[in-house]
Amino acid sequence: MISTKRRVFLKGTLAAGTVGAAVGAGLLAPSKLLAAWSADMFETEGMSEAMNAVAGTTDMQQSDDIDLSAPEIAENGAVVPISVEAHMDNVEEIAIFAEANDRSLTGRYVFASGAKPKASMRIRLGDTSDVIAAVKADGNWYMTSRNVEVTVGGCGG
Amino acid sequence: MSIRIRAQEQDGMINVRALLSHPMHTGDQTDDAGEIIPEHFIQTVEAKRNGETMVTAHWNVTISQNPFLELEFEGSSGDTVEISWEDNQGETASESVSVR
């Protein structure tokens, strides 16, 4: 608990103090303030490794409160429409994984309060694959998955 | 590298659909001469309402070419919705629309 509070405190201080002052002084371009993209998460190869990098665990509870829509059969693996919506409270983040892709983490969506925890996107699947939606709510990770059969893979060419 | 945004309010929620023009090269593709095209992909997308970040997305090379994005957040007609992105080669783009 103590460390959590400390982290929140530091975050608040930094946001209000150092970073704010740096922006005011024109020291930082706005784009540099975007939350960092993590090579540790996105360049990791393999499903369980990627999941560990994002969530710190592969042990996620299956949840019926996550709607994951994906086609059963994708004729073109280069463009596979995926939609996710989480129906639980206090959702901080949704992560999409494609088990058959070398780089299994496809995308991460971080939600501020006031944002509905849902996202739609189009993804590439190199082969027939389980697609997994992982949701972080109240600090815990939950997941659901769908299998997508791919007729023509979509990463090379 | 354009961004097309449609933002519509209904019952206090803004539905945002955006089409981002970007090649999203995976690093596995080859050009006409048979040379490997290096990875070139959007890594970070931010959706803001009146300057406040509502959703941050981080993407891999496995998001399709010319990415499509649909999000929803609280807001009103007349609010400004801004979508901006940054790719792995340091290129950026940004576009704003007024919510209908």
Side-chain angles (χ1 to χ4, degrees), chain A residues 29-39 41-44 50 54 74 76-85 91-98 100-126 129 131 153-157, chain B residues 11-20 24-31 36-37 39 41-76 79 81-82 84-88 90-94:
Chain A
S31 66
K32 297 299 174 214
L33 293 176
L34 301 180
W37 185 89
S38 164
M41 296 179 188
F42 284 96
E43 291 178 2
T44 296
V54 171
N76 180 4
V79 186
V80 182
I82 302 285
S83 289
V84 190
E85 180 168 0
V91 173
E92 300 153 54
E93 181 178 339
I94 294 177
I96 310 296
F97 299 90
N101 288 348
D102 287 344
R103 293 195 191 176
S104 291
L105 176 60
T106 307
R108 286 176 70 209
Y109 296 78
V110 179
F111 302 93
S113 78
K116 209 172 192 181
K118 64 180 279 190
S120 299
M121 70 214 79
R122 295 172 185 152
I123 70 171
R124 292 184 164 106
L125 292 175
S129 179
V131 173
C155 285
Chain B
D11 300 330
M13 296 296 291
I14 303 172
N15 175 272
V16 180
R17 294 190 212 187
L19 198 54
L20 284 48
M24 299 295 285
H25 289 307
T26 61
D28 292 328
Q29 298 142 320
T30 50
D31 63 18
I36 291 276
I37 304 168
E39 283 178 14
F41 64 105
I42 294 174
Q43 292 185 320
T44 302
V45 182
E46 281 214 330
K48 292 181 183 174
R49 182 201 64 203
N50 298 336
E52 181 189 358
T53 299
M54 301 305 290
V55 181
T56 305
H58 293 298
W59 286 347
N60 215 333
V61 290
T62 45
I63 292 287
S64 306
Q65 182 181 4
N66 297 327
F68 166 78
L69 173 72
E70 183 172 7
L71 302 168
E72 248 180 81
F73 41 79
E74 291 170 6
S76 318
D79 285 353
V81 166
E82 179 189 343
S84 54
W85 57 252
E86 181 166 6
D87 72 19
N88 67 319
E91 290 176 57
T92 61
S94 177

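Below, chain A is the first sequence line, B the second, and so on; all start at residue 1.
Residue B:Ile42 does not touch chain A at all, counting heavy-atom pairs closer than 4.5 Å. Residue B:Gln65 touches chain A through both its backbone and its side chain, counting heavy-atom pairs closer than 4.5 Å. Contact annotation for A:Ser113: only backbone heavy atoms (N, CA, C, O) come within less than 4.5 Å of a heavy atom of chain B.
Heavy-atom pairs under 4.5 Å with chain B peak, among A:Ile123, A:Ile82, A:Thr106, at A:Thr106. Among A:Ala95, A:Ala119, A:Pro117, A:Gly126, the residue making the largest number of heavy-atom pairs under 4.5 Å with chain B is A:Ala119. Contacts with chain B were tallied for A:Tyr109, A:Phe42, A:Phe111; A:Phe42 has the most, counting heavy-atom pairs under 4.5 Å. The residue among B:Met24, B:Arg49, B:Arg17 with the most heavy atom pairs within less than 4.5 Å of chain A is B:Met24. With respect to chain B, the highest number of heavy-atom pairs below 4.5 Å among A:Asp102, A:Leu105, A:Leu125 belongs to A:Leu105.
The nearest pair of heavy atoms linking A:Arg124 to B:Val61 is NH1-O, 2.9 Å. Minimum heavy-atom separation, A:Arg122 to B:Leu19: NH1-CD1, 4.1 Å. Contact detail for B:Met54 and A:Ala115: the closest heavy-atom pair is O-CB, 3.5 Å.
No donor-acceptor pair closer than 3.5 Å links the side chain of A:Ser120 to the backbone N or O of B:Leu69.
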